[in-house]
Amino acid sequence: MIASSLAVDSKLPAVGTTIFTVMSRLASECGAINLSQGFPDFQAEPALFEATMQAMRDGRNQYPPMAGVPELRAAIADKLASLYGTRFDAEQEITVTAGATQALFTAIAAFVHSGDEVIVFAPVYDSYVPSIETVGGKAVYAQLRFPDYTPDWDAVRALITPRTRMIIINSPHNPSGSVLSAEDLAVLAEIVRDTDIVVLSDEVYEHIVFDGRQHCSVVSHPALAARSLTVSSFGKTYHITGWKIGYVLGAADLMREFRKVHQFNVFTVNTPCQIGIADYMRDASRHLGLARFYEQKRDFFREQLRASRFELLPCCGTYFQLARYDAISGRSDREFAEWLTRDVGVAAIPVSAFHPDGRDDGVVRFCFAKREETLAAAGEKLRQI
Ligand code: PMP
Ligand code: GLN
């Protein structure tokens with residue numbers, strides 16, 4: 001260990017280790033079933049690995065173009081055109097990123113100036129606010145309504161000031177699984193109409209929407225598409241969260257600014273994985289089948305908990321299920337999640353971790369991106385409390 005005597009003026013004094021890391025570590029220490037951090041416990045298909053290894057053998061191992069390999073950008077453009085009816089220019093309007101986290105950080109760094117305000121919705125995904133604060137911006141919070149986690153657009157309207165530079169939306173929403181409707185997007189478009197506000201739309205769960213709903217992407221709303229940066233993640237779609245590859249979409253003038261920052265914080269993303277994904281995603285059934293795949297897991301997990309004392313909240317999308325536990329315990333959600341991990345043997349995420357003010361509604365988040373045997377084993381434990 002090296003002891004430093006520097007007086008560090010932290011840019012993020014309130015930030016510790018993320019709750020996902022904390023709970024996954026505790027789960028592993030206790031040997032608990034880990035339904036906390038969001039990642040699958042099953043493999044992606046061999047075809048994806050074959051295509052990636054072939055790219056390595058073919059010598060595609062050097063820097064790709066800064067915006068991503070042309071094959072992948074073309075495949076993304078084709079997917080978007082067939083899904084949302086919008087044709088993005090692969091040269092100027094699509095950039096491959098090192099996961100959604102980097103895309104979000106880079107977008108914030110490219111557009112938010114010191115002192116600018118960024119509206120986020122609480123509960124809020126953990127990376128947004130530290131990213132805003134790192135670049136000197138100020139997060140302004142709009143509360144989603146409890147317990148259905150829908151936005152109150154009148155409250156959002158009231159938060160807009162001349163300093164509002166950006167609004168970050170996330171649908172399907174982590175942690176709640178709520179989704180924005182076409183009407184929500186229409187109201188948002190109307191709120192930002194005569195402003196220069198950039199919309200940053202986190203759509204990493206775009207293919208995980210249930211019960212026959214269609215994902216409402218800002219990409220399919222022309223007025224919003226023109227002022228948005230839209231972020232997605234192959235980690236969620238193809239069961240490869242550890243590959244850290246995603247992409248960002250945006251009009252050419254916005255993308256030009258995005259790339260100015262992108263080229264100096266990552267420059268490019270690893271080549272063979274991009275080529276492997278480009279090859280794999282040409283078969284549209286691989287992303288189109290995802291909703292059904294996860295819907296079955298959601299239903300299986302909910303069935304496991306039907307005879308438990310948890311109260312399950314609605315889950316319209318994502319691979320997360322929220323549950324109220326007030327019939328079981330009066331503890332804070334952090335204490336409850338720790339007790340659940342240590343004493344019951346199932347790890348979950350306390351939803352207060354997504355609330356900047358620590359608001360605690362007595363709700364924990366379970367990840368159901370797991371094999372049925374994992375979900376059944378967790379269900380057995382959770383039914384006993
Ligand atoms: N946004 C949301 C809402 C997420 O849930 C996640 C990951 N769980 C990310 C962004 C980050 O995605 P990536 O792993 O591709 O960086
Ligand atoms: N986004 C994942 C989740 O919500 C975790 C990603 C991370 O660990 N940073 O669980």
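This is a predicted model, so every value here is computed, not measured. One-based numbering, in listed order, for ligands and for the atoms of each.
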Taking only distance into account, with no hydrogens and no angle test, what donor-acceptor pairs under 3.5 Å do side-chain atoms of residues 177-184 form with protein atoms, sequence neighbours excluded?
from, atom 1, to, atom 2, distance (Å)
Ser178, OG, Tyr149, O, 3.0
Ser178, OG, Ser176, OG, 3.1
Ser181, OG, Glu183, N, 3.3
Ser181, OG, Glu183, OE1, 3.4
Ser181, OG, Asp184, N, 3.1
Ser181, OG, Asp184, OD2, 3.1
Asp184, OD1, Trp153, NE1, 2.8
Asp184, OD2, Ser181, N, 2.8

Determine whether Arg227 and Thr195 make a side-chain contact, defined as any pair of heavy atoms from C-beta on separated by less than 4.5 Å. yes
For the residue pair Lys297 and Phe293, would you count it as a cation-pi contact if the rule is NZ or CZ under 6.0 angstrom from the ring centre and within 45 degrees of the ring axis? yes
Would you say the ring centroid of Tyr205 lies under 6.0 angstrom from that of Tyr319? yes
Are Ile208 and Pro172 side-chain neighbours, meaning at least one heavy-atom pair lies under 4.5 Å? no
Is the NZ or CZ atom of Lys370 both under 6.0 Å from the centre of the six-membered ring of Phe39 and within 45° of that ring's axis? yes
Can you pull the salt bridge (charged side-chain N to carboxylate O under 4.0 Å, His left out) pairs that have at least one residue in residues 78-90, sequence neighbours excluded? Asp78-Arg87, Asp78-Arg282, Lys79-Glu206
Identify all pairs of nitrogen or oxygen atoms, one from ligand 1 and one from the protein, separated by less than 3.5 Å, and list them with distances.
from, atom 1, to, atom 2, distance (Å)
ligand 1, 1 (N), Asp202, OD2, 2.6
ligand 1, 5 (O), Asn174, ND2, 2.8
ligand 1, 5 (O), Tyr205, OH, 2.6
ligand 1, 8 (N), Tyr205, OH, 3.3
ligand 1, 8 (N), Lys236, NZ, 2.4
ligand 1, 14 (O), Lys244, NZ, 3.1
ligand 1, 15 (O), Ala100, N, 2.8
ligand 1, 15 (O), Ser233, OG, 2.7
ligand 1, 16 (O), Ala100, N, 3.1
ligand 1, 16 (O), Thr101, N, 2.9
ligand 1, 16 (O), Thr101, OG1, 2.6
ligand 1, 16 (O), Lys244, NZ, 2.6

Any luck finding a side-chain donor-acceptor pair between Arg383 and Gln304 under 3.5 Å? yes
In terms of side-chain heavy atoms, does Tyr141 have a donor or acceptor partner in Asp357 at a distance below 3.5 Å? no
Write out the protein residues near ligand 2, meaning a non-hydrogen atom under 4.0 Å from one of its atoms, in order of chain and number. Phe20, Gln37, Gly38, Tyr125, Asn174, Lys236, Phe320, Arg365
